[in-house]
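Just the heavy atoms: all of them, side chains too, but no hydrogens, waters or symmetry mates, feed the values below. A note on names: the letters A, B, ... follow the listed sequences, proteins ahead of strands, and every chain is numbered from 1.
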Number of protein chains: 2
Amino acid sequence: MSTSDPERAYHHGELRGALVAAALADLEAGGEAGLSLRAVARACGVSAMAPYRHFADKDALLAAVAERGFDDLGDRLAAADASAEGASALAAQGAAYVAFALARPALFRLMFMGAGGLGAGGRAEGSCADGSCAYRILSERCAALAGPAMSAEDLTLTAWSLVHGLAALILDRRVSVDAAGAEALARRITTGFARLAAGG
Amino acid sequence: MSTSDPERAYHHGELRGALVAAALADLEAGGEAGLSLRAVARACGVSAMAPYRHFADKDALLAAVAERGFDDLGDRLAAADASAEGASALAAQGAAYVAFALARPALFRLMFMGAGGLGAGGRAEGSCADGSCAYRILSERCAALAGPAMSAEDLTLTAWSLVHGLAALILDRRVSVDAAGAEALARRITTGFARLAAGG
DNA sequence: TGCGTTTGATTACGCTGTAAACATAGAGGC
DNA sequence: GCCTCTATGTTTACAGCGTAATCAAACGCA
């Protein structure tokens, strides 16, 4: 045969990457509940068992998707942090964190609550290879801002908890705002907190 | 026949309540992923289709479980709030919120992230009939504490986001502490925030 | 006593994740 | 150019899931 048509090649060539991309697409289209391994395989034009050559099980594929999400989030936080200075940079990071969650809700949920839930142990962290590790970006900014009222570590955790909780509550419709209102709300809350934290 | 043995009665008598209780037990034992409607029915000694006489579908049963959880949470917050005054009462509520999440992780996740996820629309709220509505307890305390730096509404949302995010991050093992450390951490973080909020 | 309504049981369908066994394509050595 | 090895697919099969459709029993009221 030796047809060069990549559509019909027995070996896909880049199945692993294609699976992650297809899973991400299905995830953002229908949430984690509406994501089946078989459907992902189908979307890649491959049999239901093929993914098992690249991932131990469904959760492993989801973990790979989550890891890509963490890399993305790190990039966004780094950009936001670089856009301002001092307490404003902290507020910008917070707004970017919430904006990420709002823009990609299913991915955000997968990253933090997904893959078996209940701290199943197999959680992704992001590669953190290029210095855009989300946690480090936040903690460095907080270290620069911490005053006598609270340690740098506690300030980091407080800030992270605040934006993470705000994002989660908005996503779960616990606080009722539309998309535009949510961004404004996130900016107001994070700015208010940054002012408090900076001792203003 | 007319046997009076309730074990073998054709009609269960209290199937709805029994289903909620069994679902809660299965949920706390194996998380939402490990909870099947058929298993819940089996635990109640009833056929797989029997639950559909009491709940539209699996999500409706989960919503009933979540509602019970919200009532429980409201009770705990009310008790915590009553145990102290001023900023200390706010910190106590926060610690109680995190303690609830740590004590019943699967229920907490179900309440806030469950039943279809991604804001599927069918979220439970708790009955709020006996004045123990969780949100109201928090907002009243915050209204009493709000200063010129931040409105009562924003303070309420900030406080809720903080404890909710902290609970979520601990449950997802994003911050590594053991159970005892988590309680202490929650108390330190909430106390620090309450002091900031009170203008200290 | 008998009938209607409620509540349960049975059966069946398509979907899921995944274990086991088999097939094919490309790479390296002769 | 051919042979073999290994990586990567395919096929088949199974148990479990949620739930639609249909049938059966028991309770409540006339």
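- Side-chain nitrogen and oxygen atoms of B:R42 include at least one within less than 4.0 Å of the OP1 or OP2 phosphate oxygen of D:dC17.
- A close approach under 4.0 Å does not occur between any side-chain nitrogen or oxygen of A:S47 and OP1 or OP2 of D:dT11.
- Candidate nucleotides C:dT18, C:dT10, D:dG18 were compared by shortest atom distance to the side chain of A:Y52, and C:dT18 ranks first.
- A:L61 places its CG atom 11 Å from the P atom of C:dT18, with the value rounded to the nearest Å.
- Taking all atoms of both residues into account, the shortest heavy-atom contact from A:A95 to A:T190 is N-CG2, 4.0 Å.
- Minimum atom distance to the side chain of A:K58 is reached by C:dG17, of the listed D:dT12, D:dG18, C:dG17.
- Atom P of nucleotide C:dT18 and atom CG of A:L19 are separated by 14 Å, given to the nearest angstrom.
- In this structure, A:R38 places its CZ atom 13 Å from P of C:dA19, rounding to the nearest Å.
- At a cut-off of 3.5 Å, with distance as the only test, no side-chain donor of A:W160 or A:Y135 sits close to an acceptor on the other residue.
- Using a 4.0 Å cut-off between charged side-chain N and carboxylate O, A:E28 and A:R104 make a salt bridge.
- Base contact: A:A50 has a heavy atom under 4.0 Å from a base atom.
- When rounded to the nearest whole Å, the span between CZ of B:R53 and C1' of C:dT5 equals 11 Å.
- With respect to the salt-bridge test (charged N to carboxylate O, under 4.0 angstrom), the residues A:R136 and A:E140 qualify.
- Note: CD (A:E14) to C1' (D:dT8) measures 13 Å, nearest angstrom.
- To the nearest 0.5 Å, atom CG of residue B:L61 and atom CZ of residue B:R16 are 8.5 Å apart.
- For D:dG9, one of the phosphate oxygens OP1 or OP2 lies less than 4.0 angstrom from a side-chain nitrogen or oxygen of A:H54.
- The nearest whole Å value for the distance from the CE atom in B:M49 to the C1' atom in C:dC13 is 12 Å.
- We find that CG of B:L37 is positioned 20 Å from P of C:dC15, with the value rounded to whole Å.
- The separation between A:D26 atom CG and C:dT16 atom P is 11 Å, rounded to whole Å.
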